[in-house]
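One structure is given here, and the rest of the page talks about it.
For this chain, numbers begin at 1 and follow the sequence in order. Being a predicted model, the structure only gives us computed values, none of them experimental.
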Amino acid sequence: MRPSARPRGDLSVDDALGAALADMVRRTGAAIGGAYLIEEPAALLRLVALCGLPLDFSAPWQRLALTAPVPVADAIEEDRLVWVGGQDEMARRYPRAAAVLPYPFALAAVPVRGVRRRWGGVVLMWPADHPDRATARERQHITASARRLARLLDDSPVPPTLFEEPRVVPVGSPGHPAQTALAAVDYLDRLPDGALALDLEGRITFMSGTAARLLGRDAQRLLGTRPWQSLPWLDDLRYEERYRMAVVSRTPVSFSARRPPDQWLTFQLHPDDSGISVRIIAEPEPSDPASGGTGPEPSDPASGGTGPEPSGPASGRAGPARAGRAEPAPAAPGRLYQLVHQAAALTETVTTADLVALIADQILPAFGAQGLVLSTVEAGRLRITGTHGYPADVVDRLDALPIDTGLTPAGQVLASGTPAFFGSAAELAHSYPRAPLISGKQAWAFLPLVVSGRAVGCCILSYDRPHTFTADERAVLTPLARLLAQALDRARLYDTQHHLVHQLQQALLPRALPALPGLEVAARYLPAAHGIEVGGDFYDLLRLDGTGVAAVIGDVEGHSMAAAALMGQVRTAIHAHATAGAAPDQVLARTNRLLSDLDSDLLVTCLYAHLDLARHEVVLAGAGHVPPLLRPAAGPARPLRLDPGPPLGVDTGARYPLTREALPPGAVLALYTDGLVERPRTDVQQATADLADHLTHADVHDLERLIDSLVHRAWPAGGHTDDLAVLLLRTAG
């Protein structure tokens, strides 16, 4: 599914999905819920429905990689309910998510899997007072609700729509008997404390006359506004942080703030699923001016004021210190939370391609941009390493510009180290007349990427329409440029090292497999998704005589130069013994003795197969290696039952029993390393059985595509954590 603009009339399946999420929140007793759908082919998770939380809170979470280190991605990948009992557990298991949500709450993530496909997942959150463990009944309600949601999606004649923003659906709650409105207002106005009501978006929906007097502003001017936006003395990140904590954790919080010139007010926030009730208390004047004039702390029971505050993290005072401390400059909390989220995400990028994908998927939407050009400094020129939203001819024209170019502002921002913002084409054309004509974009942010005074590149965010860069956007994009510079510098170093490692790995593997009459072959080596060390997986195919062929696959323990060197020695030894005419068991036995002489601490698993194409049989010997799969021309595939000896290098006198199997015309023999079947929290025998079942029903006429399907079956989301090698052989027939 691909995202689309929101139509005027939403499809019924979208309405039903939102209603099902709200029902799931009610049934499970959660306070907050979010439904994610998988966006193909981008392998992204798109937040499509949200309840119990303001829309802007969800900005960092609206699009996630399917492999992101977050609970919902794990729930989908592992097909299980993921429970996070509290803030400490979140920080330990998901530090990136905890950095953006530093509040106490319990969370559950559950996959939504239909009959034939994975639809996505649901995230549920409970208030901070929820026990850190889910009961069996709660787990049953959660999984049952997810199954109902999956059936709803399975039965829909049209797929749900992936909107650019999630739809916000009300949770709903039982109604309460209405009271006389005027009597309630009179009652509140007679109290010495102010009463204020906020919705979950933070807007004022009601305020008493006392609250208006304490805040020093007419009620009509405040209704419908957010306090930290309409009252300058509340425009402080620390105060909005208290509101955010109340919304997410659903626990009471309080803080004190100074209304100019010297009136201190205490705000007590009491949240529930429909909004927040706020009590405003005026602190008494100091009784002894000589004591410093600060008055008692508002939460001190001895002061005769508010009494003790709630315990735990929510009770921290957000207000400034009483005397002589300057008020902080106003901040934009939503942007700052996005910066924290993006900074955490940048620490997880490994390659330059990862960085480009993260900018395109997360940073561009966060700032409403549509275009990206990421360039690196190489030999005095700006080489483009990644783009988004630009045609190829424009990229060609911008590539390899001199670092001091005057065609665009890139050279100037790199020289000064200061970002440049242009809100319209006319504004850019004033200093760079030719620049707007290159791409047809209408607004630009040029961000210099500088590390320790050294220019490493330039990042350009562009817009299809004129765009006004607000003060908070500039304030966030400036430090973001420094984070991008660090990430780009790391990624370039990784890419260089990975390229060298890849060249070494390819030098140790056969450049090409021999063409053999009567046998079709294909092979693949895939390094681990991350890491730059050389792996020890290897394969080989040797012509022995007119009808004899030797197929070898093996795995040296570890990822290091030592593993690579040992792999080269093992492969050479096997090649020498095999071409000298040794039987399969003797090939392994002699190679085993060689490893004992080398006194290596590394173990080697290996499988050696001698194929006799004239007799249509294969003789195998194994040294602690995973069994191969055999699929006859007609019939199911199955793992071959071997009697393997120990890994090479363990026992000098080890024996390696032989196994004979028929190899009829049209049969496929699949040799592979354990990276194909050893996955976290997965039984190897079950994974091998699943692989055999997939091979049974797969099309075996194109072996290269067959390898693709086997790898995808084993690692549907990619990101395999170990090297893997696959060698496929199909006899003619």
Side-chain angles (χ1 to χ4, degrees), residues 1-3 13 17-18 20-21 24-25 28 30 32-50 58 60-84 89-90 93-98 100-101 106-125 134 138-154 156 159-163 166 341 345 348 357-358 361-362 529 679-683 686-687 690 694 711-721:
M1 295 178 293
R2 296 180 179 274
V13 64
L17 191 151
L21 175 65
M24 191 172 182
V25 170
T28 58
I32 296 167
Y36 284 88
L37 293 179
I38 297 175
E39 177 184 331
E40 299 289 3
L44 293 175
L45 289 172
R46 173 83 67 158
L47 181 63
V48 295
L50 177 71
S58 69
W61 312 103
Q62 289 180 9
R63 295 180 73 188
L64 299 169
L66 197 52
T67 56
V70 293
V72 66
D74 282 355
I76 295 170
E77 168 63 21
E78 300 165 14
D79 195 25
R80 68 182 181 90
L81 188 150
V82 173
W83 178 266
V84 181
E89 186 179 356
M90 179 68 77
R93 295 173 57 188
Y94 301 100
R96 171 174 157 186
V100 188
L101 292 172
L107 178 146
V110 61
V112 177
R113 178 180 287 275
V115 176
R116 298 185 180 278
R117 62 172 295 176
R118 300 182 306 169
W119 286 103
V122 171
V123 176
L124 300 171
M125 297 168 63
E138 280 181 319
R139 289 177 175 270
Q140 183 179 1
H141 279 315
I142 295 168
T143 54
S145 297
R147 287 195 296 269
R148 282 193 293 271
L149 183 56
R151 286 198 297 270
L152 183 152
L153 294 170
D154 282 343
S156 173
T161 310
L162 297 181
F163 298 122
H341 173 76
E348 298 169 3
L358 184 140
D361 293 339
Q362 297 190 26
R679 303 191 298 273
R681 293 173 291 275
T682 301
D683 179 72
Q686 183 60 49
D690 291 344
H694 180 78
V711 173
H712 181 74
R713 174 65 181 84
W715 297 91
H720 48 280
T721 56

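- In this structure the side chain of W61 never reaches within 4.5 angstrom of the side chain of V72, judged on heavy atoms.
- Each of V122, L47, L66, V112 was evaluated against Y36; a single residue qualifies, L47, per the side chain to side chain contact (heavy atoms under 4.5 Å, CB included) test.
- Nearest heavy-atom pair across G33 and L124 is CA-CD2, 4.1 Å.
- Atom OG1 of T143 sits about 9.0 Å away from atom CZ of R148, to the nearest 0.5 Å.
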For V13 and L152: C-alpha separation, side-chain torsions, deciding distance, then whether side-chain contact (heavy atoms from CB on, under 4.5 Å) applies.
CA-CA 8 Å; V13 64; L152 183 152; 4.2 Å; yes
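- The shortest heavy-atom contact between G120 and I38 is CA-CG1, 3.9 Å.
- Residues A65 and A73 approach most closely at O-CB, 4.3 Å, considering heavy atoms.
- Between the CG atom in D74 and the CG atom in L81 there is a gap of 12.0 Å [rounded to 0.5 Å].
- Residues meeting the side chain to side chain contact (heavy atoms under 4.5 Å, CB included) test with E89, sequence neighbours left out: V84, R92, R93.
- Heavy-atom minimum distance, M24 versus S145: CG-CB, 3.4 Å.
- Between A150 and R113, the shortest heavy-atom contact is CB-O, 3.3 Å.
- Among L64, L37, T67, the single residue meeting the side chain to side chain contact (heavy atoms under 4.5 Å, CB included) criterion with L45 is L64.
- Distance check, rounded to the nearest 0.5 Å: NE2 of H694 to CZ of R713 gives 7.5 Å.
- Under the side chain to side chain contact (heavy atoms under 4.5 Å, CB included) criterion, I32 pairs with L53, M125, R250, sequence neighbours left out.
- In this structure the side chain of P160 never reaches within 4.5 angstrom of the side chain of V48, judged on heavy atoms.
- Of all heavy-atom pairs between G18 and A49, the closest is CA-CB, 4.4 Å.
- Residues V82 and Y94 have side chains in contact (heavy-atom distance under 4.5 Å, counting atoms from C-beta outward).
- Using a 4.5 Å heavy-atom threshold, the side chains of D690 and Q686 count as touching.
- Contacts of A134 classified as side chain to side chain contact (heavy atoms under 4.5 Å, CB included), with partners at least two apart in sequence or in another chain: W83, E138, R139.
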